[in-house]
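Input: a single structure, listed below in structure tokens.
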Amino acid sequence: MGKADQTIIEPVQNVDIEQTRVEMSKGIKSIYSKLEWLFIEKGLALFVIGFLLGRALILSHLTPFALPFFAAVYLVRREKSPIALMGLLAGAVTLSFSSISYTFATAIIFLLAFRLTQKFHQNDMKIVSFYVLFSVAFIKLGFDYVQQGQVLTLYNGVMALIEAFLAFLLTYIFIQSVPFVTVQRRRRSLKTEEVVSLIILLASIMTGTIGWAFQGLSVEHILSRYLVLLFSFVAGATVGSTVGVVTGLVFSLASVASFQQMSLLAFAGLLGGLMKEGKKFGAAIGLLIATLLMGMYGDNSMVLTTTLYESGVAIVLLFLTPQSLVKRIAKHIPGTAEYHQEQQGYMRKVRDVTASRVTQFSSVFQALSNSFQQVEEKMKMEEVEDKEFDYFLSNVTEKTCQTCFKKDQCWARNFDKTYNMMKEVMTEYDQGRVPLSSRLSREVEKHCTREKKLKETIYQELTFYQANLKLKKQVQESRKLVADQLLGVSEVMGNFAKEIQRERENHYLQEEQILASIGEFGIEIDHIEIYNLEQGNVDIDMVIPYSGGHGEGEKLIAPMLSDILGENIVVQKEDCSQFPNGQCHVTFQSAKKFVVDTGVSHAAKGGGLVSGDSYSMIELGRGKYAVAISDGMGNGERAHYESNETLRLLKKILESGIEEQVAIKSINSILSLRTNDEIFSTLDLAMIDLQNASSRFLKIGSTPSFIKRNDQIMKIEASNLPMGMLQQDFDVDVVSEQLKAGDLLIMMSDGAFEGPKHVENYDVWMKRKIKELQTDEPQEVADILMEEVIRSSSGMIDDDMTIVVSKINHNIPKWSSIPIQKSRQKKQIS
């Protein structure tokens, strides 16, 4: 008994409300799924729609809806067309026996004509409407001929043509709208024409309810107002009023007594859409106001009361509509927030898929690079040389020692002595000692009985040994180069994937604050779009009225933005429409902290027109500025082509985002592999970061560069071989230097650096000339130094000469900042 009491009084566990909600949600979704399967997949919706369209009338006796609906279903879902036909016949039988006969006859004539001539036309969508037109006109005239005792009047012909042309138009409309009730899980967004076609289909379906009443209330009035309420609440005033006009027009065609309903429905759709911010209550109030205003035209109070009751029932149906259904409808109608979110979700999915694919490619290149690097690490050059030397000895012994009677004594008993002696012989031959030294020659004669043949064989095999070793070294260097290039491509693609996935932030609050701040000065701004507010990476677009090209963006708005955001903002791009009431699209971006002003002076050998030197100033999109000089070997057009090609490749590769060292190695491999001629080119590259003025110098076979900072002269040099020498060990030395505002960076080709005659130390001479400069203008400095070099050579130009001078300055905006209530604005804008 005690155990039973314990069981009875055991406390009930807490109810998991969240789990209950999840289960209820799953249950509702299951019911929706079953209903969708029943109505869409099994075709019950087609039967219901067919039933209502089968009894729908226009002008009291025209039935143009039946055959267009059947034809549309026949084209879209042919296997479901019997269900649609049964629905049409069931609806027609509620009107009269002649109606069902007429509907069945038009369907049979359409099928016979369409199937018999199907092989003569290719596009069924375009030709089906003409078959509908022919079938309706033929059967309508035939029925009138039989019913009127074999007599046809002009009225019969006109009405037959009217019904036929209505059916012709409705066929095009139903072909666009029928897929909404026949295709399961339709996801794509709707066009405006498709929305209107869907509304016409729904209104046509509701005309089948004309004459139905419940407790004295008209069913068609309730359904039409509910339809207008739903679309005005979902899509706003524009779509709501359109639905009202279209629905009212279809109802007025079906029954002249319903003509007043068109005004009521259109007005209700407009008011309901305007008041949609009040949710369902707002749309309901809009319908009630429209009902009261339009109901005033009734003859007695009973009409107004009935109309209010009908509107009340429509409002109840709106409140009973599930929110999930409202959202599903809104996703397909352009202009709604749900539609925008759906599009954003689709674009986000596309972006993520693209970024994922790019990341996968990046990982592939990373894996390939690692594979090449692992092979390179395993094959050290010392191991390669030892292995090649073993092959070398194997070939030598095969030709000399294999048949010698002292083979066992030399290689089994005195292996180390024999091995070292052969290695020493090979080393002396490799160093060019022919004949061998007397000491080594005596040792060989003393140790080997075939010393003459041994020397000749070693000398011959040494050529193959050197060729194999050189080839292996080139392959190893090529493998390392490919690994670096693949790694550079992998990094570029990885960075690109991150940029793709970077979500654009919404800056609505900041946009309003900037508009208010600038508006206080009386400057009118039509539109503002903020893309980025990161420090040093601000990006803002504005649309301002065109005012004669006085530079309001540069002179007024940019300084104001600079003061508001606390950093220098400049006009990056401005596009104006130069006509009355035109607009200017202006892009504002963060100004770089430093700018580079460059001057160039160059001369060809002997005063010619074509110089073998080339130079380039490259402004990269990552806030970097590159200055480069390339000197092709020799002079003239061929040297100019080589140097110019070097800089062209450099620019393209640097703009793609690949690191400078990898870019130079890539260019080196291209230049060395594309020709067999021994034509090389030097490269002097300076990469300057415009945010902090740090610089990286890469000098490939080039002369030193100089930095002038006040009276201090610094020399920048590095030892790298010229471009195109792939067979050499190509490790790029990088020299880093921190520049400051006011520094002069002087770069020159070897013709300018080594041009002065009767000078023992070029470095000292050039430093002295730079220190004696009385100007800091880049172009003037370049011209003065070029003149000094030519003067020192007695006016002779013995080689191509190029001097590039760059000056680093702080980037100061052209127009000073205008202070505006900083204490209030800077606290809010971030």
Side-chain angles (χ1 to χ4, degrees), residues 28 32 190 195-196 198-203 205-207 209-210 212-252 258-298 300-341:
I28 293 173
Y32 281 162
L190 304 182
V195 174
V196 175
L198 178 61
I199 299 305
I200 293 176
L201 174 63
L202 295 175
I205 293 171
M206 286 186 291
T207 56
T209 64
I210 290 178
W212 293 1
F214 177 75
Q215 297 294 328
L217 303 179
S218 176
V219 174
E220 70 267 19
H221 291 169
I222 294 173
L223 293 179
S224 60
R225 293 173 196 179
Y226 168 70
L227 181 67
V228 172
L229 262 182
L230 180 63
F231 276 89
S232 61
F233 169 66
V234 169
T238 303
V239 176
S241 59
T242 303
V243 173
V245 170
V246 173
T247 307
L249 180 62
V250 174
F251 270 89
S252 64
S258 302
F259 186 77
Q260 185 180 354
Q261 293 296 319
M262 183 169 66
S263 303
L264 172 60
L265 294 175
F267 196 31
L270 177 63
L271 292 180
L274 291 175
M275 301 180 68
K276 65 169 292 189
E277 296 299 328
K279 306 299 181 183
K280 292 182 179 181
F281 287 101
I285 292 173
L287 176 61
L288 289 177
I289 294 174
T291 305
L292 286 172
L293 292 177
M294 302 306 298
M296 297 297 182
Y297 294 100
N300 50 49
S301 59
M302 182 59 70
V303 176
L304 178 58
T305 305
T306 304
T307 305
L308 285 174
Y309 283 153
E310 291 169 348
S311 299
V313 176
I315 291 172
V316 172
L317 291 177
L318 177 65
F319 278 97
L320 292 177
T321 303
Q323 191 66 25
S324 59
L325 178 61
V326 173
K327 290 183 178 179
R328 288 183 64 180
I329 296 174
K331 287 180 181 179
H332 299 290
I333 300 178
T336 62
E338 290 80 3
Y339 173 84
H340 182 69
Q341 291 176 359

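When reading the values below, keep in mind they use all heavy atoms of this one structure, side chains included, and skip hydrogens, waters and symmetry mates. This structure is a prediction, so every number in the text was calculated from the model and none was measured.
Residues forming a side chain to side chain contact (heavy atoms under 4.5 Å, CB included) with Val219 (at least two apart in sequence, or on another chain): Thr209, Trp212, Leu223.
When all heavy atoms of Met275 and Ile285 are compared, the closest pair comes out as CE-CG2, 3.6 Å.
Residue pairs that meet the salt bridge (Lys or Arg N to Asp or Glu O under 4.0 Å) test with at least one member in residues 266-275, sequence neighbours left out, do not exist here. Among residue pairs with one or both ends in residues 309-322, those qualifying as side chain to side chain donor-acceptor pair (under 3.5 Å) are His221-Glu310, Arg225-Glu310, Arg225-Ser311, Tyr226-Thr321, Thr291-Ser311; sequence neighbours excluded. Pairs of residues two or more places apart, or lying in two chains, never qualify as salt bridge (Lys or Arg N to Asp or Glu O under 4.0 Å) while including a residue from residues 313-323.
If you take CG on Leu217 and CD1 on Ile222, they are separated by 5.0 Å, rounding to the nearest 0.5 Å. Once rounded to the nearest 0.5 Å, the distance linking CG of Leu292 with OG1 of Thr307 reads 10.0 Å.
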What pairs of donor and acceptor atoms, side-chain ones from residues 264-274 against any protein atom, are under 3.5 angstrom apart with sequence neighbours left out?
none

With a cut-off of 3.5 Å and sequence neighbours excluded, list every side-chain donor-acceptor pair involving residues 227-235.
from   : atom 1 : to     : atom 2 : distance (Å)
Ser232 : OG     : Val228 : O      : 2.9
Ser232 : OG     : Leu229 : O      : 2.9

Yes or no on side chain to side chain contact (heavy atoms under 4.5 Å, CB included) for Thr242 and Ile199, after CA distance, side-chain angles and deciding distance?
CA-CA 9 Å; Thr242 303; Ile199 299 305; over 6 Å; no

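Side-chain atoms of Leu318 and Leu287, non-hydrogen and from C-beta on, never get closer than 4.5 Å to each other.
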